[in-house]
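For the single chain, residues carry numbers from 1 onward in sequence order. Bear in mind that the values here come from a model prediction, so they are computed numbers and not experimental data.
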Amino acid sequence: MNILVTNDDGIESEGIWELALALREAGLGTVTIVAPLEEHSGAAMSFLYRPAYEATSAAPPDPRFGGIDAYALASTPVGCVSAGVLGALGPRPDLVVSGVNRGLNTGVSVMLSGTVGAAMAAACWGLPAMAVSLRVHGGEEPEWRAAAEAAARLVPALVAEARREGPLVLNVNVPHLAGSPPRGYRQTQLSTFFYGEALVLEGAERTERGHSLRYALDPARLPREVDEATDDGAVRARYVSVTPLRPLTSHERPGLDEALGGLLPGGGADG
């Protein structure tokens, strides 16, 4: 199996190298990294089309990662997946794993995540994919290795489920473990949390070119009680949260259909 590893934190993030190493050591297949040259957090599924993109080979930051083919691409996370799927940088992948992201990607905010966006783009191409994110606690060193190993253990289940049900994304969020193992894995649903609810404008000052705006997240506005059936709740309870996502969802809404019919010329139904 050919595995493409990408992220939105950029090629210099330690999390992506630990993830690639864990996948390789688990014997899951041939691993290739294609990551953005620069950070693209919050890029979602953005992809700016250009006639050409610059890609450079990336040297491993530590001898432990030696032998992993890696490339830095001057594009977004979705651009990196596109290059992989088109076979531009190594073999076409059978699986895409995005991460490990520094910080959680939970709730409806997943729609903004470049980490999740890369995995969703892979699913649009018909590939099983996983987005992996890690809760970072204060100034403590991120537990990259623990998150990477948690993701590697989920790959067989992801591949098997995708074979049965079609393209699938597992959005995986790993709690801060403080050196202890997680309580387990829990399938979850997205919480209703949207980071904008905790976003505050700290200042707006005039400058020569317009305005300078400063934003911050207010901890007091973060939800204090969260259902453990959701991704946020499971992570708080020290479970690895696993939320199945699909790139396209359609729901029938009879009331909306009737309203749209009234907007057609003559107010009739589309026949």
Side-chain angles (χ1 to χ4, degrees), residues 2-26 28 30-48 50 52-85 88-90 93 95-105 109-110 112-122 129-152 171-174 176-177 195 217:
N2 296 317
I3 305 173
L4 174 69
V5 178
T6 190
N7 70 357
D8 71 358
D9 288 333
I11 191 67
E12 295 185 359
S13 171
E14 185 177 348
I16 194 170
W17 291 94
E18 289 289 357
L19 179 57
L21 180 61
L23 294 169
R24 185 178 70 175
E25 290 182 343
L28 295 169
T30 301
V31 181
T32 303
I33 294 175
V34 182
L37 178 63
E38 299 176 344
E39 182 178 352
H40 281 276
S41 295
M45 292 183 70
S46 64
F47 178 50
L48 303 177
R50 298 172 187 156
Y53 297 86
E54 187 72 24
T56 57
S57 295
D62 187 281
R64 293 187 300 118
F65 309 124
I68 297 175
D69 289 337
Y71 303 90
L73 183 67
S75 186
T76 64
V78 170
C80 294
V81 174
S82 303
V85 169
L89 300 169
L95 167 72
V96 173
V97 186
S98 180
V100 174
N101 187 69
R102 186 185 184 97
L104 298 177
N105 279 304
S109 297
V110 298
L112 305 175
S113 166
T115 305
V116 178
M120 294 292 262
M130 186 188 304
V132 189
S133 303
L134 171 66
R135 184 178 186 181
V136 179
H137 189 268
E140 296 184 27
E141 185 68 20
E143 298 170 297
W144 300 122
R145 182 66 183 178
E149 290 177 346
N171 186 40
V172 179
N173 284 279
V174 181
H176 176 68
L177 299 172
Y195 91 103
L217 290 176

R24 side chain near I68 side chain, heavy-atom distance below 4.5 Å: yes

Least distance between heavy atoms, V34 atom then C80 atom: O-CB, 3.4 Å

Side chain to side chain contact (heavy atoms under 4.5 Å, CB included) assessment of D9 paired with S41: CA-CA 6 Å; D9 288 333; S41 295; 3.3 Å; yes

More than 12 heavy atoms of other groups within 6.0 Å of E140 CD: yes

Shortest non-hydrogen separation from L104 to R135 and the atoms involved: CD2-N, 3.4 Å

Approximate separation, where rounding is to 0.5 Å, of M120 CE and S98 OG: 12.0 Å

Plane angle bin for F65 and W17 - parallel if under 30°, tilted between 30 and 60°, otherwise perpendicular: tilted

N105 side chain vs V110 backbone, donor-acceptor pair below 3.5 Å: no

Reported CG-to-CD distance for the pair L21 and E14, which is rounded to 0.5 angstrom: 10.5 Å

Minimum-distance pair of heavy atoms, taken over all atoms of W144 and G15: CE3-CA, 3.5 Å

Heavy-atom pair of closest approach, residues A151 and L19: CB-CD1, 4.0 Å

Modelled atom types, side-chain donor and acceptor of T115 and N7, under 3.5 Å: no

T32-D69 side chain donor-acceptor pair, cut-off 3.5 Å: no

Straight-line distance of I33 CD1 to L73 CG, nearest 0.5 Å: 13.5 Å

Non-hydrogen atoms of Y71 and I11 that approach each other most closely: O-CD1, 3.8 Å

D8 CG to S133 OG distance, which is reported to the nearest 0.5 Å: 8.0 Å

Side-chain heavy atoms of P36 within contact of T76, under 4.5 Å: no

salt_bridge(E25, R145) N-O dist < 4.0 Å: yes

Side chain to side chain contact (heavy atoms under 4.5 Å, CB included) between E12 and E39, worked out: CA-CA 9 Å; E12 295 185 359; E39 182 178 352; over 6 Å; no

Residue of the set L23, L4, L28, V172 for which side-chain contact (heavy atoms from CB on, under 4.5 Å) holds with V97: L23

Shortest non-hydrogen contact between R102 and P142, atoms and distance: NH1-CG, 3.4 Å

